[in-house]
Amino acid sequence: MGDVRQQGQAQRSGRPSPGTPVIVDVFASRDSDGSIQFSHEWRFQGGNSQGGGDIDIPAKKRMEPGTTIHFHLRDDTRMLRFSPQPDDAIWVDRIGCPQQATTDPEITDIRPSPNLLTIHDENRDECDLHYNLRFEPDPDRYCYDPTIKNGGSI
């Protein structure tokens, strides 16, 4: 768990301790025309909102832990849920938003449930991970794709 004094220093400096979990609230709502719109806000566990931009995972030392990310679906439409199969709940690619089923070795331990998708980001490589969160009842129609910016291991 580490030295409590170091954890306090990391929080006071504004930089989270390596491995601090990330919480992402994914919002789904209907537009006036009935189409579903997605947005998100993210934060480090115990921290303030970082807004709706890229999820920015800071660099870590090689032996420090990766980061667990919890995607919480906040669905005002009351019809969506994460796809139940790990390989279909999230697709990940380094080049751009994935248009077909693909994974990346940075993302492990994918655990979907109806309103929560938990993944582990190893954060070994400095890279941008583009992902496609996929929702039932039609994952090809209902999907959302923000970006994770990995700081990598130094």
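Along the sequence shown, residues carry numbers from 1.
- By the ring pair (Phe, Tyr, Trp, His ring centres under 6.0 Å) test, H130 pairs with no residue at all, sequence neighbours left out.
- The side-chain contact (heavy atoms from CB on, under 4.5 Å) with I55 is formed by just one residue from the set V24, D121, N150; it is V24.
- F27 is listed as a side-chain neighbour of E41, based on a closest heavy-atom distance under 4.5 Å.
- T118 OG1 to I90 CD1: the interatomic distance, rounded to the nearest 0.5 Å, is 10.5 Å.
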Test D56 against K149 for salt bridge (Lys or Arg N to Asp or Glu O under 4.0 Å), laying out the working first. CA-CA 5 Å; D56 194 3; K149 296 183 96 43; over 6 Å; no
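- Side-chain atoms of D75 and L80, non-hydrogen and from C-beta on, do get closer than 4.5 Å to each other.
- Residue pairs meeting the ring-ring contact (aromatic ring centres under 6.0 Å, His included) criterion with at least one partner in residues 82-123, sequence neighbours excluded, are F82-F135.
- F71 places a side-chain heavy atom less than 4.5 Å from the side chain of I119.
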Kindly indicate, with the supporting measurements, whether the criterion side chain to side chain contact (heavy atoms under 4.5 Å, CB included) is fulfilled by D145 and L133. CA-CA 6 Å; D145 58 351; L133 297 175; over 6 Å; no
Could you walk me through whether S29 and Q37 pass side-chain hydrogen bond (donor to acceptor under 3.5 Å, both in side chains), step by step? CA-CA 5 Å; S29 60; Q37 299 298 312; over 6 Å; no
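- A salt bridge is defined here as a Lys NZ or Arg NE, NH1 or NH2 lying under 4.0 Å from an Asp or Glu carboxylate O, and D109 with R111 meets this definition.
- Screening residues 81-94 for salt bridge (charged side-chain N to carboxylate O under 4.0 Å, His left out) gives D88-R134, R94-D104, R94-E106, R94-D125 as the qualifying pairs, with residues at least two apart or on separate chains.
- Under the 4.5 Å side-chain criterion, counting only non-hydrogen atoms from C-beta, N123 is not in contact with P58.
- When all heavy atoms are compared, the tightest approach of H70 to L116 is CB-CD1, 4.0 Å.
- Between Y144 and H40, the ring centre distance stays below 6.0 Å.
- Nearest heavy atom pair, residue R62 against residue R124, reads NH1-O, 4.3 Å.
- Put simply, the side chain of M79 reaches to within 4.5 Å of the side chain of R30, judged on heavy atoms.
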